[in-house]
*Asks:* 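I'd like to ask some things about the structure below.
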Amino acid sequence: MRAGQQTTDIGSVLTFPHGVHPPEYKELSCTRPIERVPFVDEYTLPLGQHIGAPSRPVVRVGQVVRRGELIAEPVGFVSVGLHSPVDGTVTAIELVDHQNGQLVEGIRIRTDRFSPQVFPPREAINPSTLTRDELIRGIQMAGIVGMGGAAFPAHVKFSLKPDQSVRILMLNGCECEPFLTCDHRVMLEQAEALLDGTMILAGFLHPERIAIAVEANKADAIKVLRQEVARQGIPVEVIPLEVKYPQGAEKMMISAILGEEVPSGKLPIDVGAMVSNVGTAVAISEYFRTGKPLMERVVTVSGTALARPTNVLVPIGTPMQAVVDFCGGITHPEPRILLGGPMMGMVQKNLDVPVMKGTSGILVLTDREVVDPVTYSCIRCGRCVDACPIFLNPARLGLLARKGLWLEMEEQHVMDCFECGSCSFICPSAIPLVQSFRVAKGLLREKKIREQTNQ
Amino acid sequence: MTLSMMKTIISSSPFLRSGLSTPRIMWEVVITLVPVVGMAAWVFGISALLMTLVCVLACWMAERIFLPPAPGASVLGDGSAVITGILLALCLPPGFPFWMAFLGGFVAIALGKAMWGGLGHNVFNPALLGRAFLQAAFPGAITTWSAPATSFFALRGSNLALPFLKGESVDAMTGATPLSAMKFTHQAADWQDLLIGQVSGSLGETSGGLFLLLGLYLAWRGLINWRIPVGMIATVGLFSGILYWIDPAHYAPPQFMILAGGLMLGAVYMATDLVSSPLTHKGIWIYAVGIGILVVMIRVWGGLPEGVMYAILLMNAVTPLINRALPTRVYGHASPTS
Ligand code: SF4
Ligand code: SF4
């Protein structure tokens with residue numbers, strides 16, 4: 001199943017079957033080095049920044065906190081720590097605006113204006129002296145989540161069950177979403193830390209193979225990583241993958257590199273693959289080498305309606321408005337603001353919400369890129385069938401969705417759809433395919449829960 | 001669907017769209033048909049242009065009457081009715097009465113498309129359905145072939161025949177088409193003539209070479225699925241090649257079978273109609289090979305000299321079955337589901 005091998009100056013390029021080629025728009029920001037956003041007066045940290053149980057505050061209102069200090073602790077295993085991004089004072093623990101439009105519990109911190117805001121140095125921990133459990137606990141307390149956007153607690157993913165083993169540890173540097181360039185810049189500018197974090201992970205996951213997968217449009221990053229691998233003399237492969245969406249999806253990376261499929265309903269680890277975002281590996285290195293928890297992250301701020309697209313290092317909790325202002329502000333009267341990439345991200349109406357751990361991109365677009373197209377009926381062109389990376393028949397599913405035939409959709413494996421949006425992107429009739437599959441999946445999940453509770 | 005469902009649908013990703021919209025696809029196909037009509041006009045004179053105009057007008061009118069355009073869409077429509085009109089004209093003989101052509105165009109849209117629920121819902125290619133209607137209604141007129149025009153402006157008298165007058169004024173210059181010559185007198189035309197189009201036949205049964213070029217362009221632009229013409233032509237070539245090899249005195253050579261009649265027009269423009277061809281690659285191959293086999297069978301053993309139209313219509317009828325019955329395997333599943 002290794003389709004589309006081709007040769008370039010970075011070597012042969014692997015990929016998965018199907019997929020689409022959206023316009024990339026990466027040139028807006030891919031050459032812009034990561035800039036630090038200046039500190040602002042107030043930070044807002046929702047307690048639920050990650051998938052799983054929200055953290056529990058360990059500070060009181062009025063308490064003085066240091067930069068990098070733990071302000072909320074994990075509750076249970078699927079939960080992580082939360083840290084203050086600045087030296088300052090806790091001003092409130094109250095309901096705050098979340099990116100998803102809801103009010104959630106959060107901590108507000110007023111910045112100490114006179115503090116130099118340096119991170120108090122701490123002695124490096126040698127990860128090789130720690131047990132696996134200590135490492136897992138460390139990653140959890142450091143608040144590290146998957147940096148690709150889903151914000152799933154990293155330590156949960158890295159905890160293997162006794163019968164699981166890692167054949168391949170894959171670092172995901174594909175960054176196949178249009179506009180986003182933060183992983184690209186991280187690979188270029190933080191290659192050393194990235195490889196260090198990778199080797200820390202390898203130290204307790206004991207993979208047979210270690211690979212960093214990068215889409216071929218980031219040839220400079222591939223070269224830098226290969227040089228750094230050679231310099232450190234470590235057994236890491238840097239694998240170029242074809243520029244194609246959704247190449248960065250875990251299943252698609254596994255198809256491309258291993259030529260295998262993850263069985264329906266299973267996880268990559270069930271075929272021996274552990275996939276982690278490159279930014280996550282950098283965060284792990286930083287934590288063990290300097291003690292710095294996840295309190296800031298690299299974000300791509302881009303779009304055609306933004307004065308100065310670039311990549312920024314932002315303290316978690318910074319209001320988005322401040323980040324957008326730092327990038328020159330918005331140049332269009334009616335901008336369309338998205339969080340994440342345009343293929344899987346979400347609309348953001350309100351810029352007063354904070355940057356969170358899962359925020360990989362803030363895009364300010366116009367109605368030229370984000371169109372509300374006229375919808376026609378399905379012309380059975382089959383483009384969606386050729387696009388779907390998991391070989392569903394979106395045309396047929398779309399027809400069933402229109403009629404509300406959710407159970408038939410389940411039979412046609414709608415639950416396997418991972419909502420990459422390729423079908424909707426390619427459909428010439430602009431039929432809301434993935435959009436209606438989301439609705440169907442939600443309803444089917446609800447139905448299942450109802451059935452289980454009724455028993 | 002409820003209103004709140006519609007809301008979540010509209011405001012959710014993906015926010016980017018590929019540039020190729022349905023009307024764009026249709027109009028691009030229309031543009032590629034311009035040289036075909038031009039070629040027909042060059043070979044058959046001004047009748048070809050007028051015939052095209054009449055058919056397009058009829059289709060467009062039927063579309064406006066029966067199928068109101070989607071909100072926000074242009075009054076010109078999505079272009080699909082224009083394609084139907086041009087394609088219908090291309091499978092009519094040059095001396096065909098205009099009033100019949102108009103009726104054919106109207107029926108093509110009314111019965112071939114509107115009755116099914118509009119664009120995307122029809123099972124049969126509307127142009128071919130219109131053509132089949134005309135074949136049934138006016139069997140005499142539709143098999144009256146005239147030789148290529150002597151002068152561009154020489155309008156054929158039969159073009160202007162009035163509706164329902166008995167005693168069709170049959171064109172004096174009737175010329176047998178290459179296929180009927182083959183069928184009934186076993187004379188195969190020179191294939192070079194077929195390639196450049198200097199033969200008598202329907203308006204679109206002219207230059208095989210032109211369709212080859214257009215087919216390549218359409219496939220490169222992704223406007224047609226290349227598997228359909230390739231599968232059809234390869235099947236016809238192979239099947240008729242075997243027959244020719246068995247008995248060259250009785251059967252036509254494969255290059256003749258490929259270039260004669262409406263095969264090239266059918267392979268590039270008719271069978272590739274998105275709506276009436278299968279969704280998946282596997283299905284497309286079955287469909288294309290099926291048409292190829294049927295074309296040869298009808299031409300060689302059937303009662304008609306030409307079989308492309310019926311072959312495509314028959315496989316159109318099978319398409320919903322192919323779409324439904326062909327098992328596909330979803331990623332991560334061991335066995336296919338249907
Ligand atoms: S059906 Fe689901 S998985 Fe397939 S292309 Fe559409 S969104 Fe992606
Ligand atoms: S891409 Fe759109 S129009 Fe084409 S088959 Fe799929 S749903 Fe139908």
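Throughout, a chain's letter reflects where its sequence line sits, starting with A, and its residues are numbered from 1. These numbers come from the heavy atoms of this one structure, side chains and all, not from hydrogens, waters or symmetry mates.
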*Asks:* Is the shortest side-chain heavy-atom distance between Arg368(A) and Arg336(A) below 4.5 Å?
*Replies:*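 No - every pair of side-chain heavy atoms lies 4.5 Å or more apart.
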
*Asks:* Indicate the ring-plane relationship of His18(A) and Phe391(A), choosing parallel, tilted or perpendicular according to the 30° and 60° boundaries.
*Replies:*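 The arrangement is perpendicular - the two ring planes meet at more than 60°.
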
*Asks:* Taking Thr300(A) for its side chain and Leu180(A) for its backbone only, find out whether a donor-acceptor pair lies under 3.5 Å.
*Replies:*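 No, the answer is negative, given that no donor and acceptor are paired below the 3.5 Å cut-off.
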
*Asks:* Measuring heavy-atom distances to chain A, does Ile25(B) have an atom under 4.5 Å in its side chain, in its backbone, in both, or in neither?
*Replies:*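 The answer is the side chain of Ile25(B).
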
*Asks:* Quick check on Pro178(A) against chain B: is it the side chain, the backbone, both or neither that has a heavy atom closer than 4.5 Å?
*Replies:*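 For Pro178(A), side-chain heavy atoms alone lie under 4.5 Å from chain B.
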
*Asks:* If I measure from the heavy atoms of chain B, does Val385(A) come under 4.5 Å with its side chain, its backbone, both, or neither?
*Replies:*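 The answer is the side chain of Val385(A).
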
*Asks:* Between atom CZ of Arg396(A) and atom CG of Leu405(A), what is the distance when rounded to the nearest 0.5 Å?
*Replies:*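 Rounded to the nearest 0.5 Å, the CZ-CG separation comes out at 12.0 Å.
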
*Asks:* Given that the side chain runs from C-beta out, which part of Leu363(A) has a heavy atom under 4.5 Å from chain B: side chain, backbone, both or neither?
*Replies:*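 Neither part; nothing is under 4.5 Å.
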
*Asks:* Below 4.5 Å from any heavy atom of chain B, which atoms of Ile431(A) appear? Answer side chain, backbone, both or neither.
*Replies:*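 Looking at Ile431(A), just its backbone touches chain B.
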
*Asks:* Side chain, backbone, both or neither: which part of His281(B) has a heavy atom under 4.5 Å from chain A?
*Replies:*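 Answer is side chain: those atoms of His281(B) sit under 4.5 Å from chain A.
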
*Asks:* In terms of heavy-atom proximity below 4.5 Å to chain A, should Asp273(B) be classed as side chain, backbone, both, or neither?
*Replies:*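 For Asp273(B), there is no contact with chain A at all, as no heavy atom is under 4.5 Å.
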
*Asks:* What part of Ser277(B) lies closer than 4.5 angstrom to a heavy atom of chain A: side chain, backbone, both or neither?
*Replies:*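 The backbone, not the side chain.
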
*Asks:* Any non-hydrogen side-chain atom of Glu369(A) less than 4.5 Å from a side-chain atom of Tyr25(A)?
*Replies:*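 Side-chain contact under 4.5 Å: yes.
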
*Asks:* Checking heavy atoms, do the side chain of Lys251(A), its backbone, both or neither come under 4.5 Å from chain B?
*Replies:*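 Both parts, backbone and side chain.
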
*Asks:* Under a 4.5 Å heavy-atom cut-off, does chain B meet the side chain of Cys381(A), its backbone, both or neither?
*Replies:*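 Both backbone and side chain.
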
*Asks:* For Met346(A), which atoms come within 4.5 Å of any heavy atom of chain B: side chain, backbone, both, or neither?
*Replies:*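 The backbone, not the side chain.
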
*Asks:* Which of the residues Ile379(A), Val370(A), Val434(A) is involved in the greatest number of heavy-atom pairs with chain B at under 4.5 angstrom?
*Replies:*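 Maximum pair count with chain B is reached by Ile379(A).
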
*Asks:* I'd like to check Met170(A) versus Glu250(A) (side-chain heavy atoms, cut-off strictly below 4.5 Å). Are they in contact?
*Replies:*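 The answer is no; the side chains never approach within 4.5 Å.
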
*Asks:* Is any side-chain heavy atom of Val414(A) closer than 4.5 Å to a side-chain heavy atom of Leu400(A)?
*Replies:*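 Of all side-chain heavy-atom pairs linking Leu400(A) with Val414(A), none is under 4.5 Å.
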
*Asks:* Indicate whether the side chain of Arg438(A) and that of Ser13(B) have a donor and an acceptor atom separated by less than 3.5 Å.
*Replies:*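 Indeed, the side chains of Arg438(A) and Ser13(B) share at least one donor-acceptor pair under 3.5 Å.
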
*Asks:* Which one wins on heavy-atom pair count under 4.5 Å against chain A: Gly283(B), Pro23(B), Ala334(B)?
*Replies:*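 Max contact count across the listed options: Pro23(B).
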
*Asks:* Hey, which of Val262(A), Leu365(A), Val347(A) has the most heavy atom pairs under 4.5 Å with chain B?
*Replies:*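 If we count pairs closer than 4.5 Å to chain B, Val262(A) comes out on top.
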
*Asks:* What option among Pro23(A), Gly382(A), Ser264(A), Gly421(A) has the most heavy-atom pairs under 4.5 Å with chain B?
*Replies:*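 So the answer, after comparing Pro23(A), Gly382(A), Ser264(A), Gly421(A), is Ser264(A).
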
*Asks:* If you measure only the distance, is there a donor-acceptor pair under 3.5 Å linking the side chains of Glu63(B) and Thr84(B)?
*Replies:*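 Looking only at side-chain atoms, Thr84(B) and Glu63(B) do not form any donor-acceptor pair under 3.5 Å.
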
*Asks:* Side-chain contact test, heavy atoms from C-beta onward, threshold under 4.5 Å: evaluate it for Phe106(B) versus Ile65(B) and give yes or no.
*Replies:*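 In contact.
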
